[in-house]
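In what follows, a single structure is set out as structure tokens and then discussed.
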Amino acid sequence: MPNLLVCEAAPAHDLDFRRYASDRVAAFNKVQYDILKTKRPDLPVIHNFMGRYTEFDHYDVAETLDVASWDAYPLGHLAQSDEPEDVKRHYMRRGEPDYQAFHHDLYRAVGHGRMWIMEQQPGPVNWANFNPDPLPGMARLWAREAFAHGAEVVSYFRWRQAPFAQEQMHAGLLRPDSEPAPAYHEASQVAQELRQTGIAGTAAKGRVAIVFDYQSEWARQIQPRAKGFSHSAHVRAVYAAFRKHGVDIDILPPSTKSFAGYDIVAIPALFARNDALREAIADFEGHLLLGPRSGSKTQNFAIPLGLAPDLPSNLLDAKVLRIDSVDPTLEVEVRGGGGAVRHWRERIETRAEVEIEDAEGWPVLIARGKLHYLAASGNKALTQRIIDYLIAEADVPTLLLPAGVRSRVRDGFRIYVNYGSGAATLNPAADRIWLRAGHCRNAGCGRHRGATRQGRVILGTAVRISNRPAVSSQRSQCTPPVRSAAASIYCATAHVAGTLMRLITRSCSGQSSANAAALLITAIENSGVVATQAMLSHRASASPSSIPS
């Protein structure tokens, strides 16, 4: 094993040891799985994983699991993360908007489509450098978001805050004196709302997929070449750029043999390709984004003879000749406006089309047909520009979401959550409504073009409705017309013509619901809008921030 060496270990040696250690974890899990299945073959076996934890290959371990779960601590994990300090300050009481969702989607993939939350943060924890109290409503938001992304169960750690021992400062649903803590009421409310809406089924298959690979994370740790360059960070950045448009995303393992059914697949920073992935890339008819550093090594951690990105010239005629790794605080502007290259860029020799280049003439994005290669890492603005370009090329429908608002489709319901610091305005979508009592009939939640349904505000404050279209013209989504901070609203339709649904919103200052604003939504096209009660449970005192949405 690589230990007590005079100099750093050979990269292949280090990677092989990490593979070996990961294999031992998977083998140990199988021993336990076999014992449990022998005793109770009728019960599913579950294991809880962690956020931002990549020490072993979770896909391999989950080969002998029926369900994957994870421990979701939005504030604790943010405090200990490598996110910039301004992001930590801005979201310290809410959690970073795409952190939870990414791990929900990752562990849904790890668990073969089945995912639980084993531990959900209910209040301040005790183990981070700083342990802020979540804003009112966040325990409810986090739970709803988990269910939107396919969770079967959301459980909390812990039931009662222990008045003794090491974790006595870790909050629970009950206080140390066994009286209800704030999250107790929020958990109860979510349970009631789930019963009322009847949401079930699984998370809808996304139009977009992203490949996440644990071995690529190890490879970048072993040979970073640029301090702080991370496979995980690149994947999460691409994920967040798609999610800001309301696009549903699936996470795929690197062993995926086919990308059929997806409009866009992104494979960021994958260090080496396997045979299954090469076949999937060659056969894929949608839009594919690779790089940077994808295919830069072989499975044995050597530079491929054909050089990166290690694809046949008939797929992408390009070679990476040289690497430029610089301090990420030094940026090179990209021509055409919209972002800058930072941290990593590659000198490319190519006969492919150069779609974007930086101010010094280095190719940033090249393409041959629907296959695209990103030859640099960039700031958030550049990442968003690249993803916006791909979405337009693939004609994927998007939602015009306010800053901080995210959404996901499950069981015909489109569920919204607001990580923003105040109330947000949603725009109703134009679509043809196919009716079934309780929710949209088709799994895509209103993907048929046709008659227009619009909400109309009779009286309202804090929560607003706009009549501007909320989706691209190619395809609309079943979008509810209202939205409040720290809450999600379920989109649904009912059979009764002319039905009015009264949405009561509780004011930010904690007034009673009797004094809260009332919104009346009128039904069009012989249908009505049915939604759960939307609670405006908090408004942050800080002024709007410049933090990107």
Side-chain angles (χ1 to χ4, degrees), residues 48-55 69-104 106-107 116-146 151 154-190 232-233 236 404 406 417-422 485-487 508 510 537-543 545 547:
N48 61 311
F49 299 98
M50 296 290 292
R52 298 180 187 268
Y53 193 86
T54 59
E55 306 307 307
S69 69
W70 74 288
D71 298 346
Y73 290 92
L75 305 191
H77 289 157
L78 175 63
Q80 293 192 321
S81 73
D82 55 0
E83 294 288 347
E85 289 303 315
D86 54 351
V87 172
K88 290 182 178 181
R89 286 194 299 271
H90 185 70
Y91 292 113
M92 62 176 290
R93 298 191 188 278
R94 288 168 279 161
E96 198 278 326
D98 301 299
Y99 167 81
Q100 292 281 104
F102 172 78
H103 286 85
H104 295 330
L106 171 63
Y107 288 121
W116 291 17
I117 304 299
M118 187 68 75
E119 297 182 19
Q120 178 64 67
Q121 179 175 356
V125 297
N126 69 310
W127 41 262
N129 295 331
F130 303 97
N131 300 283
D133 189 16
L135 286 173
M138 293 314 301
R140 178 172 174 237
L141 182 151
W142 296 330
R144 284 192 167 187
E145 186 170 51
V154 172
S155 60
Y156 295 82
F157 188 84
R158 53 195 313 145
W159 169 242
R160 184 183 71 145
Q161 183 175 341
F164 51 80
Q166 183 262 337
E167 290 189 326
Q168 62 184 264
M169 298 304 293
H170 192 299
L173 294 180
L174 300 181
R175 301 181 324 212
D177 60 0
S178 296
E179 291 297 313
Y184 175 91
H185 302 290
E186 295 180 31
S188 176
Q189 183 179 357
V190 171
S232 295
R236 289 197 303 269
R406 303 292 190 264
V417 293
N418 183 3
Y419 280 89
S421 57
C508 309
S537 53
H538 78 275
R539 184 187 300 274
S541 58
S543 59
S545 170
I547 301 296

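Bear in mind the structure is a predicted one, so any value in this text is a computation, not a measurement. Residues: numbered from 1 along the sequence shown.
Trp142 places a side-chain N or O within 3.5 Å of a backbone atom of Arg94 that can act as its donor or acceptor partner. In terms of modelled atom types and a separation under 3.5 Å, the side chain of Ser81 and the main chain of Leu78 share a donor-acceptor contact. At distances below 3.5 Å, at least one donor-acceptor pair connects side-chain atoms of Glu186 with backbone N or O atoms of Arg140.
A salt bridge does not link Lys88 to Glu96: none of the charged side-chain nitrogens sits closer than 4.0 Å to a carboxylate oxygen.
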- Assess whether side chain to side chain contact (heavy atoms under 4.5 Å, CB included) is satisfied between Gln100 and Gln120, documenting all intermediate values. CA-CA 11 Å; Gln100 292 281 104; Gln120 178 64 67; 3.9 Å; yes

- Message: For Glu145 and Arg406: C-alpha separation, side-chain torsions, deciding distance, then whether salt bridge (Lys or Arg N to Asp or Glu O under 4.0 Å) applies.
- Response: CA-CA 9 Å; Glu145 186 170 51; Arg406 303 292 190 264; over 6 Å; no

- Query: Could you walk me through whether Tyr73 and Gln80 pass the side-chain hydrogen bond (donor to acceptor under 3.5 Å, both in side chains) check?
  - Reply: CA-CA 11 Å; Tyr73 290 92; Gln80 293 192 321; over 6 Å; no

- Query: Would Met138 and Gln121 satisfy side chain to side chain contact (heavy atoms under 4.5 Å, CB included), going step by step from the backbone distance to the final call?
  - Reply: CA-CA 10 Å; Met138 293 314 301; Gln121 179 175 356; over 6 Å; no

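For the pair Leu173/Pro180, no side-chain contact is recorded, criterion being any heavy-atom separation below 4.5 Å from C-beta on. Residues Ser421 and Arg93 fail the side-chain proximity criterion, which asks for heavy atoms closer than 4.5 Å. For the pair Arg52 and Phe102, the minimum side-chain heavy-atom distance is 4.5 Å or more. By the 4.5 Å heavy-atom criterion applied to side chains, Ser155 and Ile117 are not counted as neighbours. With contacts defined as side-chain heavy-atom distances shorter than 4.5 Å, the pair Asp98/Arg236 does not qualify. Looking at heavy atoms from C-beta onward, Phe49 lies out of side-chain contact with Ser69 at the 4.5 angstrom threshold. Looking at Tyr419 and Leu141, their side chains come closer than 4.5 Å, going by heavy atoms from C-beta outward. Annotation: side chain of Pro122 is not in contact with side chain of Pro182 (no heavy-atom distance under 4.5 Å).
Outside the 6.0 Å centre-distance limit, the rings of His104 and Trp116 are not counted as a close aromatic pair.
Nearest heavy atoms, Gly95 versus Leu75: N-CD2, 3.3 Å. Considering every non-hydrogen atom in both Gln168 and Phe164, the closest pair reads CB-O, 3.4 Å. Scanning both residues, Gln161 and His170, for their nearest heavy atoms gives CG-O, 3.2 Å. Residues Asp177 and Arg175 share a closest heavy-atom pair of OD2-NH2, 2.6 Å. Of all the heavy atoms in Ala128 and Gly76, the pair that sits closest is CB-O, 4.0 Å. Between Asn418 and Gly422, the closest heavy-atom pair is ND2-O, 3.0 Å.
For Tyr184, the OH atom sits in a loose shell: 12 or fewer heavy atoms of surrounding residues, nucleotides or ligands are nearer than 6.0 Å.
Taking NE2 of His103 as the reference point, atom NE2 of His77 lies at 8.0 Å (rounded to 0.5 Å).
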